[in-house]
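Basis for what follows: all heavy atoms, side chains included, without hydrogens, waters or symmetry-related copies. The first residue in the sequence is number 1, and the count goes up from there.
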Amino acid sequence: MAVPVWLLDIDGVINAVTDDPDLRVWPRGQWVRASAASAHGIEWPLLAARPVLDFLRRVHDEGRAEIRWHSTWQSYAVNVGVALGLPDWPVAECPEFAESDDTEIASPLIVVRHHWWKLPTAQRVIDGGRPLLWTDDDARHQLRAQDRAGWDAWALVVAPPVESGLTPRQLRRIDTWLTERESW
Ligand SMILES: [Mg+2]
């Protein structure tokens, strides 16, 4: 069985989008602050939970999944990886990013054209015969039931709370799912 592809978002997944981390999710002392440069050289603050970073490193080192960045950070995602001491993961190929326009979604007049730019990359993983692990906080409202029709056991989609990123319970769920895929 092919090793799963893990499409990894940044903000709301490994970067808690808040100044004030939720200590009920990960205790004080587990949070790491850093920053990384994005487009136009803008330096963005990062707030990540150490156990999440450790989990990602372990999954990578043990070859349990092939991790690829899938984020609006696009090529700048590598700066996040360096800032947080993560392995050198590739950015998922996503020609749809260049065609995306978030303002479309905001306009009620063209909402019928709604189409999440991140979806085709995920579908290509499935179509390529690879199990898909997809962690993205926006999946909660962007991914519709019909978008993932037929994915079934081939995919695990996890949508963390945007202000904490991946939680202990979600890491356990991912761990279990990866283990199940190993015995496929
Ligand atoms: Mg996000």
Side-chain angles (χ1 to χ4, degrees), residues 1-18 22 25 38 46 48-49 52 55-56 59-60 64-77 80-81 86 89-181 184:
M1 171 50 59
V3 172
V5 172
W6 184 344
L7 296 180
L8 179 64
D9 182 34
I10 293 174
D11 297 318
V13 176
I14 60 172
N15 178 33
V17 183
T18 177
D22 189 339
V25 179
S38 185
L46 301 171
V52 171
F55 182 85
L56 284 161
V59 166
H60 172 84
R64 301 178 74 199
E66 190 184 305
I67 300 175
R68 301 176 190 164
W69 299 113
H70 195 31
S71 159
T72 47
W73 283 76
Q74 288 293 291
S75 60
Y76 299 98
V80 175
L86 294 168
W89 295 316
V91 177
E93 261 184 58
C94 187
E96 294 82 6
F97 176 76
E99 300 151 17
S100 72
D101 180 358
D102 286 345
T103 59
E104 273 182 20
I105 296 163
S107 163
L109 295 176
I110 39 180
V111 77
V112 288
R113 267 201 64 202
H114 169 81
H115 181 70
W116 195 17
W117 62 269
K118 286 186 176 179
L119 179 61
T121 295
Q123 185 64 52
R124 283 191 290 270
V125 171
I126 302 271
D127 293 346
R130 303 282 296 272
L132 168 70
L133 171 58
W134 191 6
T135 49
D136 199 301
D137 55 299
D138 286 334
R140 192 177 294 104
H141 36 264
Q142 294 276 30
L143 189 65
R144 302 162 302 176
Q146 65 262 38
D147 292 335
R148 50 174 304 170
W151 289 8
D152 304 319
W154 281 91
L156 175 64
V157 181
V158 176
V162 65
E163 293 193 349
S164 71
L166 286 162
T167 67
R169 184 193 295 257
Q170 289 175 327
L171 293 189
R172 286 195 295 273
R173 194 166 157 224
I174 289 169
D175 186 50
T176 301
W177 186 83
L178 288 174
T179 301
E180 287 166 2
R181 293 301 149 303
W184 263 22

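At least one side-chain heavy atom of Asp175 sits less than 4.5 Å from a side-chain heavy atom of Phe55. A heavy-atom distance below 4.5 Å is not found between the side chains of Val162 and Asp11. Within the 4.5 Å cutoff, the side chain of Trp69 has no heavy atoms near those of the Tyr76 side chain. Using a 4.5 Å cut-off on side-chain heavy atoms (C-beta onward), Asn15 and Val80 make no contact. Two residues are said to be in side-chain contact when any heavy atoms from C-beta on lie closer than 4.5 Å; Asp22 and Glu163 fail this criterion. Under the 4.5 Å side-chain criterion, counting only non-hydrogen atoms from C-beta, Leu8 is not in contact with Ser71. Residues Glu96 and His115 form no side-chain contact, since every pair of their non-hydrogen atoms from C-beta on lies 4.5 Å or further apart. Residues Ile174 and Trp6 have side chains in contact (heavy-atom distance under 4.5 Å, counting atoms from C-beta outward).
Summarising the geometry of Leu132 relative to Trp177, their closest heavy-atom pair is O-CH2, 3.3 Å, with the distance given to 0.1 Å. Here the closest non-hydrogen pair linking Gly12 and Val17 is N-CG2, 3.6 Å. Closest of all the heavy-atom pairs between Arg181 and Ala153 is NH2-O, 2.9 Å. Of all heavy-atom pairs between Ser38 and Trp73, the closest is CB-CZ3, 3.7 Å. Taking each heavy atom of Arg148 and Ala155 in turn, the nearest pair found is NH2-O, 3.9 Å. Smallest separation of non-hydrogen atoms from Ala65 and Leu178: CB-CD2, 4.2 Å.
Salt bridge absent: Arg124 and Glu93 never bring a charged side-chain N and a carboxylate O closer than 4.0 Å. Taking 4.0 Å as the cut-off between side-chain N and carboxylate O, Lys118 and Asp138 do not count as a salt-bridged pair.
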Item to complete: Tell me, with the steps shown, if Gln123 and Asp147 meet side-chain contact (heavy atoms from CB on, under 4.5 Å).
Response: CA-CA 9 Å; Gln123 185 64 52; Asp147 292 335; over 6 Å; no
Practice prompt. Show the numbers, then the answer: is there a side-chain contact (heavy atoms from CB on, under 4.5 Å) between Asp136 and Trp116?
Written response: CA-CA 12 Å; Asp136 199 301; Trp116 195 17; 3.8 Å; yes
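Atom CD1 in Ile67 sits 4.0 Å away from atom CH2 in Trp89 (nearest 0.5 Å). A distance of 7.5 Å separates OG1 of Thr167 from CZ of Arg172, quoted to the nearest 0.5 Å. Atoms OG1 and CG, from Thr176 and Leu171 in turn, are 10.5 Å apart once rounded to the nearest 0.5 Å. Going from atom CG of Asp137 over to atom CD1 of Ile14 covers 11.5 Å, rounded to the nearest 0.5 Å.
Of the residues Leu156, Val158, Leu119, the one that meets the side chain to side chain contact (heavy atoms under 4.5 Å, CB included) test with Trp134 is Leu119.
Under the 3.5 Å distance criterion, the side-chain polar atoms of Arg140 are matched with a main-chain donor or acceptor of Pro160. Arg130 places no side-chain N or O within donor-acceptor distance of the main-chain N or O of Val5, the cut-off being under 3.5 Å.
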